[in-house]
Every structure is written in structure tokens, then in C-alpha cells.
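First the structure, in the form of C-alpha cells, and then the observations on it.
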Amino acid sequence: MSRRETGAAEVSRSAIGHPGDGRLGMVLFLLYLAWLVWLPLPIGSNRPIWVGIGLLWLTLLLGTWLLGWMSGAISLPGAVRRAGGLWALLLLVLGWMVAQWGLPGELAPAWMRAAYEAAGVDAPALTLDRTATLQALLETLMVCGAILITVLLVRNRRRLELLLWTLVWVGVVTAVAAGITVMERADWQVLGVHLSSGQTASGPFVNRNHFANYLVLTLSAGLGLLISMQSSHSPSGWRQRLRQWVQTLLGPKARLRIFLALMVITLVLTRSRMGNTAFFASLLITGGLALLLIRRRQRSLLILIASLVAIDILIVGTWFGVEQVVDRVQKSVTVTEEQIIIHDEPRMEANREALKIIRASPLTGTGAGTWFTVFPQWRASDHGFFDHAHNDYLEFAVDLGLPAVLLLLSLAAITVLRGFLQLSRRNDPLVLGSAFASLMAILAMGIHATVDFSLHIPA
């Protein structure tokens, strides 16, 4: 074999490899992508058994990576060391959850000790439900492990691109499957769990709002890829313009645009009010920020964002019933000259009762994952039961206390700040696209979290 052929073979073998992790790292990366594909399939992994399987899978990945690092087959990426503040915040959150589970009950607020006394038992810990807190701790460990394994394995451009494409493909496949079930009025099963689609798309999730939120995440990844394909150089002649138009119509960008349209169609079919609102709001806000921060791409980026909004709202929305989503929003909220009236009294009452719980134990919380246990003790007798507060911020504050919520918000703020810096300082298209995807996803999740509990769904 010639030297040129040998070099080409090495490039081919290392397309998703890295000089610091070799073949083992490449295998672990592929298993990591398979893990991401698996997570949403069993109803968003929103059951203890699926959390256990996901955590076991992740533990095997991290354990194998650690053995490879100890043997010298894998090196530690520099990004791990640069993210020291991130790891410190994560450890503080995990440490507090462990403390809630293990600290003696004498440190609990008086009303929590009284609740234990009413049940005829001594307060065993700084939580009203040690089993629920342990379950929440395991879920949080899986989230922290996901962050760590991503930093360890996504260590070159090709892997970052494959990660985004994997999320897009999962979104497209689940969107098409869910769309077909809605069109055919079909019922289907996911890993033995019976799901009924009816007139709304819920995909592999039980709750259509959670499916809408997951689609927004995959749409954010797709939009990041689309932005990474935008050229900062304008064609100088008619031949270059023609070549660029042909590539746009027939190349990867056109296929990706079709994938995005399919996901938006299914997002509309979920009839999720806040899911659709969060998507379009985050797209417009992040797009506006990108226009301000990204240099030398203003014109092409403006055309791209304008076309996305126009096509999604005017064409996709008209054909697939965006007016039904708008009608649901209008029935939920009335805006007058003096105030905004929200017509969802059960959820509003649950939020008011959550504020009472927070005022009762603002520092310690009631224990991670204990909303299900504590809420019935505080709700009025004529109010319905909610297994989650349909507001992630309030539920985290009830469970963990206000200091821990500030730590969680700091984690998001660090990522948002990093995204701003990438958009304003970097010129690499893929880096800009991934920063856009990250900012849009965080913004959309943050908006949706005000009325739902998607941050409590592992996928």
C-alpha cells in the first residue's frame, strides 16, 4: 500500500476517533450515541426501571473510560479541567441531596417533625420520603454522568456533528411515527406501555407536552446544524450563485430542512400550548441574539431565520392546524388593559399552595422528589391532586430549598454565558451552530418549565 493510501485509511479510521482516546474512545462514543437514542423510547425513561437501565448503561461507559484512562489508552480532555466551576456546582447539588437523605431528622423544620409524629414514627432524615429522595438522587446522578461523559467523549468536530445529527434523527423518527398514528387515529405500544394518540401526538411519551419539549430539543440541534452549514462568504459571480442554489436544493441542507419541517409538523400536532410557544419564542429570541453577536453572517442568518418562521407558521401551521394551538392559548389566557387572567385555576391553586410550602421550609426544602408526598398535606380539600407541580421552578424549590435552586440556576447561567461568548468570539461554523443550539434549547426548556415538569423527565 502506498503512503498516500495508508494516510487515507488512517483518516478514514479516525474520522470519529481522537489521538487522545484511540479505538476504545471511538467505541465508547458510539455506545454513548446509542444511549441517547434509547433514553426517550421507554416513555422518556420516566419509570424507576428505565432510570436504572439508563444509569447502569452510563455507569458502564464511565467505568470503561476510567479503566482506559488508568491504563493509558485514553487521555483526559482539557475541557474537563476548564469546567472546574461546573463540577463544583454539580457536586454541591449532589451533596445537598445526599445530606437530605442522610442528615438526622432533628434538623428538619418543626412542621416536618410534626408530620412524622402524626404518623407515629421518628423523623429519620431531613426529608419526608427517603425512598423518593433516593430515586431523585439516582436520576440526578444520571444527569451529572451525562454531562461528564459528553465532555469526555465529544472531543472533536466530527463527534460534535454526529451528536447533533443523532438527536435530529431520533427527533425525525419519533416525529414521523407519532404523526402517522395521529393521521391514522391509531394506538400503539412502546416497550409494553400502551399509548393512545387520538387527535394529538405524544410519541413515545405518555404526556404530549413532554414529547413537544423533546421535539424542541431535537429541533434546536437541527437548527444548530443548519446554521453551521451557512456560509459567511457571498458568491461573487452568477456561476457561484447558481452552484450555491443547486447545493442548497439538492445537498444536505435541503434534507435537513425537510427533517426540521417534519418535526415542526408533529410539534404542532401535539397541540401543546407552551411547547409551541417555547419553540417559536426561543427561535426568535436566540435568532435575534445571533444576529447581534455573530459577525459576517448577518444577511444569510437573517434570511435563514425569516424563512424558518415563515415556512413553519404559514405553510406547516396552515396545513396541520396551528390555529387549534392558538385557540387553546387564547382560551387559557385573557389579556385586559389592567391585568393578565389565566384560566387554569387548578394549576394556579397548586402553585399558590407550593409557595406556602416554600415559605414553611425555604432553606432545607422537604426532600428531593418529595412533592408527591408533601403536597397532599397542604392542598385544600376541594382541590385536585397533582403528582408534580406544573412548574419546575416551584417544585425544585419545594423539594430542595431556595439555595439549591440558586445553584441549579447558576449551572444554566454558566452555560448561557459560555454560549454568548462562543457566538461573539468564534468564527468556526460548527461551534457557532452548537452554541446556537445550546442557547435555544436552554431558553425553550426554561420557558416551558414555568407550566410543566419536563425537567423531571430523564430523557
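FYI, side chains are in, hydrogens and waters are out, and symmetry mates aren't considered; it's all heavy atoms of this structure.
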Does any N or O in the side chain of [X] come within less than 3.5 Å of the main-chain N or O of [Y], such that one atom is a donor and the other an acceptor?
{"X": "S228", "Y": "L430", "answer": "no"}
{"X": "N46", "Y": "I457", "answer": "no"}
{"X": "T286", "Y": "L283", "answer": "no"}
{"X": "S45", "Y": "L39", "answer": "yes"}
{"X": "R271", "Y": "V268", "answer": "yes"}
{"X": "N276", "Y": "L267", "answer": "yes"}

Using only heavy-atom distances, determine whether the side chains of T366 and T370 contain a donor-acceptor pair under 3.5 Å. yes
State whether a side-chain donor-acceptor pair under 3.5 Å links N209 with S272.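 Short answer, yes.
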State, with a plain yes or no, whether a side-chain heavy atom of [X] is found less than 4.5 Å away from one of [Y].
{"X": "L33", "Y": "V37", "answer": "no"}
{"X": "T415", "Y": "I442", "answer": "yes"}
{"X": "N207", "Y": "F211", "answer": "no"}
{"X": "R257", "Y": "L260", "answer": "yes"}
{"X": "T266", "Y": "L262", "answer": "no"}
{"X": "L411", "Y": "L408", "answer": "yes"}
{"X": "L163", "Y": "L153", "answer": "no"}
{"X": "T174", "Y": "M263", "answer": "no"}

Intermediate values then yes/no, side chain to side chain contact (heavy atoms under 4.5 Å, CB included), H390 and E395: CA-CA 8 Å; H390 286 255; E395 184 164 349; over 6 Å; no
Compute the ring centroids of H388 and F372, then answer whether they are less than 6.0 Å apart.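 Not close enough - the centres of the two rings lie 6.0 Å or further apart.
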Aromatic ring centroids of F453 and W371 under 6.0 Å? no
Among T64, L60, L58, L66, exactly one meets side-chain contact (heavy atoms from CB on, under 4.5 Å) together with L62. Which residue is that? L58
Kindly assign one of parallel, tilted or perpendicular to the pair F205 and Y214, based on the angle between their ring planes and the thresholds 30° and 60°.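 Rings of F205 and Y214: tilted, as their planes differ by 30° to 60°.
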Quick one: sort the W69 and W65 rings into parallel, tilted or perpendicular, breaks at 30° and 60°.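 Because their plane-to-plane angle is under 30°, the rings of W69 and W65 count as parallel.
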Pairs satisfying side-chain hydrogen bond (donor to acceptor under 3.5 Å, both in side chains), at least one member in residues 144-153, at least two apart: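 Checked against side-chain hydrogen bond (donor to acceptor under 3.5 Å, both in side chains) - neighbours excluded - the pairs reaching residues 144-153 are Y32-T150.
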For atom CH2 of W35, decide whether the heavy atoms of other residues, nucleotides or ligands shown that lie under 6.0 angstrom number more than 12. yes
Using the side chain to side chain contact (heavy atoms under 4.5 Å, CB included) rule, take D452 and M274 through it: C-alpha gap first, then chi angles, then the decisive distance, then the call. CA-CA 9 Å; D452 216 324; M274 191 54 76; over 6 Å; no
Acceptor/donor pairs from residues 96-104 side chains to any protein atom, 3.5 angstrom cut, sequence neighbours excluded:
unit_1	atom_1	unit_2	atom_2	d
W96	NE1	L400	O	2.8
Q100	OE1	A368	N	3.0
Q100	NE2	T364	O	2.9
Q100	NE2	D399	O	2.9

Looking at E353 and K356, does any basic side-chain N land under 4.0 Å from a carboxylate oxygen? no
Closest non-hydrogen atom pair between [X] and [Y], with its separation:
{"X": "A79", "Y": "V151", "answer": "CB-CG1, 3.8 Å"}
{"X": "A397", "Y": "L402", "answer": "CB-CD2, 4.0 Å"}
{"X": "A178", "Y": "A201", "answer": "CB-CB, 4.1 Å"}
{"X": "T277", "Y": "R273", "answer": "OG1-O, 2.8 Å"}
{"X": "V431", "Y": "Q422", "answer": "CG1-OE1, 3.0 Å"}
{"X": "A132", "Y": "G369", "answer": "CB-O, 3.3 Å"}

